[in-house]
Protein chains: 2
Amino acid sequence: MRQNIDERTGSPTRQPSFVESHVQNLRVAAHVTVLHEGDPARRIMEVVEGAVMLTKLLPDGRRQVVELLGPGDVFGLAHDEAYACSAETLTPATITTHERNALERDPALAARLLRRFEAQLCVMHSHALVLGRMSALERVAFFLLRLMPDGMVGGTLRLAMTRQEIADFLGLTLETVSRAFSELKRRGLVVLQRADEVRIQDRSSMRRLAGAA
Amino acid sequence: MRQNIDERTGSPTRQPSFVESHVQNLRVAAHVTVLHEGDPARRIMEVVEGAVMLTKLLPDGRRQVVELLGPGDVFGLAHDEAYACSAETLTPATITTHERNALERDPALAARLLRRFEAQLCVMHSHALVLGRMSALERVAFFLLRLMPDGMVGGTLRLAMTRQEIADFLGLTLETVSRAFSELKRRGLVVLQRADEVRIQDRSSMRRLAGAA
DNA sequence: GCCCGCTTCCGGAAAGACACTTACGCAGCC
DNA sequence: GGCTGCGTAAGTGTCTTTCCGGAAGCGGGC
């Protein structure tokens with residue numbers, strides 16, 4: 001069952017020893033909400049290991065997964081001193097956190113974050129193209145290619161996300177995602193050993209569908 | 001008529017004196033493509049004055065305006081040493097450009113870019129929510145509020161974008177954008193003096209529509 | 001007056017919403 | 001150990017809604 005970080009490791013605001021340190025490593029289980037949209041933004045965080053998703057909510061409950069993060073990616077960004085997104089682990093994860101004002105004192109850290117921000121901004125630009133202009137089938141194909149870089153050809157991908165989470169990432173409903181998986185299967189582009197184990201069968205057709213991504 | 005920067009000020013690659021300098025200010029007219037998606041990424045740019053849009057294209061010509069930039073915003077980001085987006089001015093603009101490797105030598109510049117990247121990344125997160133989860137009417141309401149910060153209450157907004165450009169920004173078609181404007185007008189939320197002059201009449205209703213943005 | 005961009009109208013396609021079925025994992029039990 | 005039942009997640013069928021897509025009409029600015 002999914003639970004909040006507050007319930008198992010304690011919220012940052014309730015553990016002064018955690019807040020006071022400049023750098024802190026953190027092990028968290030899967031499906032833990034590491035921080036909440038709107039909370040005061042005291043720290044900035046880096047994924048060391050594992051996968052994290054950033055989400056935003058509309059007042060009526062509609063959700064968007066705005067970013068998927070892996071090792072090296074940075075989160076905990078602030079707008080008006082409050083976190084702009086919630087962050088939830090998809091897998092067990094290791095996270096490093098820094099005090100926000102450490103950025104001024106640590107030029108090496110700032111330089112690393114700058115490079116990473118540039119990469120993440122480019123990924124967000126691609127994602128805007130996906131959300132704004134691609135069909136359901138194209139979005140799912142793009143998503144699978146993104147999780148399956150050219151390196152791991154022939155390998156089987158273990159999805160750490162439910163259909164609902166994928167849908168919230170791609171701006172679709174879970175039914176549409178499910179239908180898209182079935183359609184890709186029917187066309188012979190992918191094979192699903194189980195619902196969460198995908199193998200890309202025809203990579204070039206997938207690339208064509210995803211807009212040569 | 002819209003034209004490419006190459007045709008009026010010369011491409012950076014053809015003006016060595018421009019390329020060699022570390023910092024260069026640039027005046028460009030409206031509707032000029034300052035840089036092209038895929039070109040080798042030699043410089044990083046800041047908007048000093050005016051408005052710039054970043055666009056991405058799919059092979060079949062579908063376009064997404066991925067970001068709208070104003071004074072202070074940064075563009076010219078690279079993925080694999082190539083520009084990830086094209087950049088086109090919406091208005092006459094002043095642009096400062098830096099050599100990419102100046103980032104290592106100039107910590108003040110790096111610090112400024114870091115802060116700006118953080119802000120732009122947050123805006124992209126919001127935009128993902130808009131593109132993934134909002135209806136056409138909500139998207140247009142959000143768009144107008146974003147261009148009309150609380151400060152300029154009662155003022156009239158002069159749109160620098162065509163319906164097609166707004167549609168490409170919001171992931172809609174120009175007809176749907178036009179319909180949304182008409183619906184907002186019909187409901188009394190906005191007044192259109194002309195097609196490109198908007199006045200927000202009922203700000204609280206607009207906010208509710210846009211998800212309290 | 002003409003032209004470009006905007007608006008409006010219509011039919012059609014894609015995705016959403018809802019309901020139901022199926023598959024799987026787990027805990028309790030015989 | 002294996003059977004059984006429950007709970008969650010995924011797949012599918014049907015209908016509805018929203019948005020797209022072409023076309024025609026409108027209107028302001030040069």
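Note that the structure is predicted; figures quoted are calculated from it, not measured. Each chain gets a letter, A, B and so on, in the order the sequences are listed, and its residues count up from 1.
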| field | Interatomic distance, A:Met161 CE vs D:dA9 P [rounded to whole Å] | value |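 Distance, rounded to whole Å: 14 Å.
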
Q: Provide, to the nearest angstrom, the distance between the CD atom belonging to B:Gln164 and the P atom belonging to C:dC6.
A: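 B:Gln164 atom CD is separated from C:dC6 atom P by 9 Å.
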
### Any B:Arg43 side-chain heavy atom under 4.5 Å of B:His98 side chain
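B:Arg43 vs B:His98: side chains apart.
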
Rounded distance (Å) that lies between atom C1' of D:dG29 and atom CD of B:Glu197: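 Spelled out: CD on B:Glu197 to C1' on D:dG29 is 13 Å.
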
**Report entry** Nearest heavy-atom neighbours spanning B:Val34 and B:Met45
**Finding:**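 Closest pair (atom of B:Val34, atom of B:Met45, distance): CG1-SD, 3.9 Å.
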
Could you check whether B:Arg133 pairs with A:Asp168 (Lys NZ or Arg NE/NH1/NH2 to Asp/Glu carboxylate O, under 4.0 Å)?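 Salt bridge between B:Arg133 and A:Asp168, a charged N being under 4.0 Å from a carboxylate O: yes.
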
In whole angstrom, what separates B:Asp168's CG from D:dC20's P?
->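 The distance from CG of B:Asp168 to P of D:dC20 comes to 11 Å, rounded to the nearest Å.
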
Could B:Arg115 and B:Glu118 be called an ion pair, given the rule that one side-chain N must be under 4.0 Å from one carboxylate O?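 B:Glu118 and B:Arg115: not salt-bridged.
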
Quiz item: Taking OP1 and OP2 of C:dG25, is either one under 4.0 Å from a side-chain nitrogen or oxygen of A:Arg194?
Solution: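 For C:dG25, OP1 or OP2 has a side-chain N or O of A:Arg194 closer than 4.0 Å.
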
- Query: Can you check whether B:Phe169's main-chain N or O pairs, donor with acceptor, with B:His127's side chain at less than 3.5 Å?
  - Reply: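 Between the backbone of B:Phe169 and the side chain of B:His127 there is a qualifying donor-acceptor contact (under 3.5 Å).
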
Checklist entry - Please give, in whole Å, the distance from C:dA14 P to A:Arg133 CZ? => result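 So the CZ-P distance, A:Arg133 to C:dA14, works out to 16 Å.
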
>> If I take atom CD1 in residue B:Ile166 and atom C1' in nucleotide C:dG5, what distance separates them, rounded to the nearest angstrom?
In response: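 So the two atoms are 12 Å apart, to the nearest Å.
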
Using atom CG of B:Asp196 as one end and atom P of D:dG27 as the other, report the distance to the nearest whole Å.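 For the pair B:Asp196 CG and D:dG27 P, the rounded distance is 17 Å.
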
For this session: Rounded to the nearest angstrom, tell me the gap between atom CG in B:Leu137 and atom P in D:dC20.
Result: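 The answer, rounded to whole Å, is 13 Å.
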
Can you list, in residue-number order, the parts of residues 169-182 of chain B that come under 4.0 Å of DNA chain C, counting heavy atoms only?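 Of all residues in residues 169-182 of chain B, the ones placing a heavy atom under 4.0 Å from DNA chain C are B:Leu174, B:Glu175, B:Ser178, B:Arg179, B:Ser182.
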
Considering only side-chain heavy atoms of A:Ser135, which listed nucleotide, C:dT7, C:dC6, C:dA15, is closest?
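Nearest nucleotide to the side chain: C:dA15.
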
Can any side-chain N or O of A:Glu138 pair as donor or acceptor with the backbone N or O of A:Ser135 at less than 3.5 Å?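 Checking the backbone N and O of A:Ser135 against the side chain of A:Glu138, a donor-acceptor pair under 3.5 Å is found.
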
